[in-house]
There are 2 protein chains.
Amino acid sequence: MATGRTHRPATRSRGIPEATVARLPLYLRALTALSERSVPTVSSEELAAAAGVNSAKLRKDFSYLGSYGTRGVGYDVEYLVYQISRELGLTQDWPVVIVGIGNLGAALANYGGFASRGFRVAALIDADPAMTGRQVAGIAVQHSDDLEKIISDNGVSIGVITTPPGVAQQVCDRLVAAGVTSILNFAPTVLSVPDGVDVRKVDLSIELQILAFHEQRKAGEEHEGTAPPVAAHQDSSEQGPDGDVPAVMPA
Amino acid sequence: MATGRTHRPATRSRGIPEATVARLPLYLRALTALSERSVPTVSSEELAAAAGVNSAKLRKDFSYLGSYGTRGVGYDVEYLVYQISRELGLTQDWPVVIVGIGNLGAALANYGGFASRGFRVAALIDADPAMTGRQVAGIAVQHSDDLEKIISDNGVSIGVITTPPGVAQQVCDRLVAAGVTSILNFAPTVLSVPDGVDVRKVDLSIELQILAFHEQRKAGEEHEGTAPPVAAHQDSSEQGPDGDVPAVMPA
DNA sequence: CCATCTTTGTGCACGCGTTCACAAAGACAT
DNA sequence: ATGTCTTTGTGAACGCGTGCACAAAGATGG
Ligand SMILES: NC(=O)c1ccc[n+]([C@@H]2O[C@H](COP(=O)([O-])OP(=O)(O)OC[C@H]3O[C@@H](n4cnc5c(N)ncnc54)[C@H](O)[C@@H]3O)[C@@H](O)[C@H]2O)c1
Ligand SMILES: NC(=O)c1ccc[n+]([C@@H]2O[C@H](COP(=O)([O-])OP(=O)(O)OC[C@H]3O[C@@H](n4cnc5c(N)ncnc54)[C@H](O)[C@@H]3O)[C@@H](O)[C@H]2O)c1
């Protein structure tokens with residue numbers, strides 16, 4: 001999800017598989033909703049349905065955290081909320097900086113869902129002098145010249161990059177040099193970071209292209225009825241690599 | 001990535017693994033950059049580095065599309081751009097609607113990266129009467145009463161949901177009923193959709209929580225030096241399920 | 001035309017993640 | 001106390017994705 005060799009073998013940390021870690025926030029969200037409705041306990045089946053996963057998977061996920069359920073009854077909602085929160089590190093406060101306060105950066109800054117889970121927007125940073133001092137979401141935008149000082153003064157370890165792609169790598173480098181060890185990147189760029197730094201990316205364009213692929217596939221199948229799955233509409237391996245190809249062939 | 005049982009066994013479509021499909025846009029982006037620099041050919045090693053993946057993986061990915069490389073030389077950039085574009089369905093135009101034109105929806109509407117790859121914002125839809133008729137990114141916002149008509153008039157098959165979570169499911173239902181078969185969901189909700197509809201979600205909060213988990217783990221390890229990976233700081237299975245637990249125990 | 005050298009395409013093995021299926025645990029009623 | 005019934009926790013099997021390592025392909029130079 002990151003760069004050339006950013007991702008270590010990943011989360012073999014305390015034995016919790018990465019796939020499980022990625023689902024814990026999902027469970028936590030469902031549990032929080034139950035908690036707000038004062039539901040005392042929940043079965044793996046019910047909770048799995050709420051989180052949109054398989055109940056066996058959910059039970060196995062929870063088994064990595066310990067034996068927090070009661071057979072014949074289910075899981076205590078409040079207790080599980082606490083355990084997952086602690087496991088994810090949400091019982092402490094995480095100051096976050098957003099770099100690049102344009103359309104997207106401003107939207108993120110305004111997003112209430114941030115603060116709700118231990119994340120606090122510690123600073124907004126932009127390179128544009130015209131932005132400096134402007135209030136966005138009640139926070140004054142600071143100039144990127146002060147990036148290093150802002151990071152260290154606030155003890156920031158998580159940075160969000162919403163700059164144009166061309167400067168994302170250099171912004172990333174400065175963040176890392178200043179002490180940031182986790183980066184959430186919205187710019188469509190492959191970031192290189194040293195070992196020990198985690199990068200996750202959110203790439204709207206990629207998501208849409210994946211949807212387009214499936215969409216095209218659905219449209220193709222529809223035309224062919226229940227025809228053989230191979231060779232629907234124009235297929236590369238069927239009517240040969242050339243035929244309707246505008247581009248130049250290698251040889 | 002979607003709901004209870006949204007995801008079919010997935011992309012065993014024409015034999016292209018889902019994991020490969022998810023990487024094709026990455027390759028395409030790197031190839032487009034090379035193309036703009038008029039680089040004629042590229043080796044798997046170079047391209048893999050640019051895309052941030054393993055070269056063997058890249059070659060295997062391309063092998064699913066066909067034999068488009070030339071041994072001893074590499075891949076023809078233009079040709080590969082075309083082949084991947086075609087495979088992803090980007091040679092055709094995909095009209096997209098965005099529902100919920102608030103902070104995030106407006107940012108997406110303003111995003112130029114949309115149009116660059118065959119995606120065209122066909123309409124912006126919001127339930128707030130005060131928004132109706134307002135221009136966002138040069139497009140007039142339409143009222144959600146007309147959602148069904150907008151979808152069918154424009155032949156939209158891809159919808160983006162950026163409404164508050166509480167109404168996301170009902171917006172989703174209306175989109176699907178109107179003919180949308182692919183949804184990109186930004187609301188932190190588990191969407192239920194019938195078979196044949198693809199849902200992908202982008203969840204900022206989850207990404208941050210995953211980063212927080214790793215961040216906490218790094219901080220813990222640092223304190224313990226090269227201590228046994230088990231039982232770092234406060235470990236659930238070590239000092240027992242209770243001890244410092246504020247919540248109520250199940251039994 | 002032949003030799004050499006580069007780079008692809010893929011067979012194979014391995015590890016992770018998912019799912020099934022069931023024994024054990026415990027609640028609850030009698 | 002004992003039996004029944006519900007639900008957890010997990011062993012085991014399976015399938016997918018990854019990466020190694022190498023044979024084959026073909027370009028290039030003599
Ligand atoms: N807007 C979207 O919906 C959207 C969607 C997907 C991806 N993205 C990506 O997110 C990023 C931001 O998009 P946007 O629409 O907000 O762009 P934008 O142009 O509105 O904002 C970019 C901001 O970054 C600032 N900036 C430029 N260089 C900087 C630097 N060196 N240090 C600090 N700040 C700097 C600019 O002053 C500007 O305010 C882009 O990479 C874009 O590709 C945006
Ligand atoms: N802003 C962010 O950075 C951010 C980040 C992550 C997730 N999200 C999620 O994205 C969604 C939108 O966030 P936002 O900050 O833009 O919220 P917002 O309140 O600014 O915008 C929501 C918009 O949806 C419209 N809306 C409400 N009900 C509607 C309906 N039934 N049909 C059509 N439109 C309707 C509202 O009128 C409003 O314009 C939320 O679910 C939020 O949790 C936002």
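Separating the CG atom of B:Leu58 from the C1' atom of D:dC20 is a distance of 16 Å, rounded to the nearest angstrom. Rounding to whole angstrom units, CG of residue A:Leu47 and C1' of D:dT8 are separated by 13 Å. Taking atom CG of residue B:Asp76 and atom C1' of nucleotide C:dT8, one finds them 15 Å apart after rounding to whole Å. Counting to the nearest Å, the P atom of C:dG17 and the CD1 atom of A:Ile16 are 12 Å from each other. Protein atom CG of B:Leu80 is 11 Å distant from nucleotide atom P of C:dT8, rounded to whole Å.
OP1 or OP2 of C:dT10 has not a single side-chain nitrogen or oxygen of B:Lys60 nearer than 4.0 Å. Put simply, B:Arg23 has a side-chain N or O that comes within less than 4.0 Å of OP1 or OP2 on D:dT18. For B:Tyr75 and C:dG9, the shortest distance from a side-chain N or O to OP1 or OP2 is below 4.0 Å. In terms of phosphate contacts, B:Ser44 brings no side-chain nitrogen or oxygen within less than 4.0 Å of OP1 or OP2 of C:dT7. Applying the 4.0 Å criterion to OP1 and OP2 of C:dG17, one finds that A:Asn54 has every side-chain N and O outside that range. At D:dT7, none of the side-chain N or O atoms of A:Tyr68 fall inside 4.0 Å of OP1 or OP2 (strictly under the cut-off).
Checking D:dA21, C:dA27, D:dG17 against the side-chain heavy atoms of B:Ala56 singles out D:dA21 as nearest. Among C:dA21, C:dA27, D:dT18, the nucleotide with an atom closest to any side-chain atom of A:Arg59 is C:dA21. Candidate nucleotides C:dG9, D:dT18, D:dA21 were compared by shortest atom distance to the side chain of B:Lys57, and D:dT18 ranks first. When distances run from any side-chain atom of B:Ser67 to the nucleotides C:dA27, C:dA21, C:dG9, the shortest one goes to C:dG9.
With hydrogens and angles left out, the side-chain atoms of B:Glu36 and B:Thr32 include no donor and acceptor closer than 3.5 Å. Using modelled atom types and a 3.5 Å distance limit, the side chains of A:Asp198 and A:Ser182 yield no donor-acceptor pair.
When the side-chain contact (heavy atoms from CB on, under 4.5 Å) test is applied to A:Ser35, the partners found at least two apart in sequence or on another chain are A:Val77, A:Glu78.
With hydrogens and angles ignored, no donor-acceptor pair under 3.5 angstrom links the side chain of B:Arg71 to the base of C:dT7.
Under the 3.5 Å distance criterion, the side-chain polar atoms of A:Thr162 are matched with a main-chain donor or acceptor of A:Val99.
Take the nearest nucleotide of DNA chain C for B:Ser43 and for A:Asp61: the residue whose nucleotide is more 5' is B:Ser43.
Listed here is the closest heavy atom pair of B:Ile206 and A:Ala22: CG2-O, 4.0 Å.
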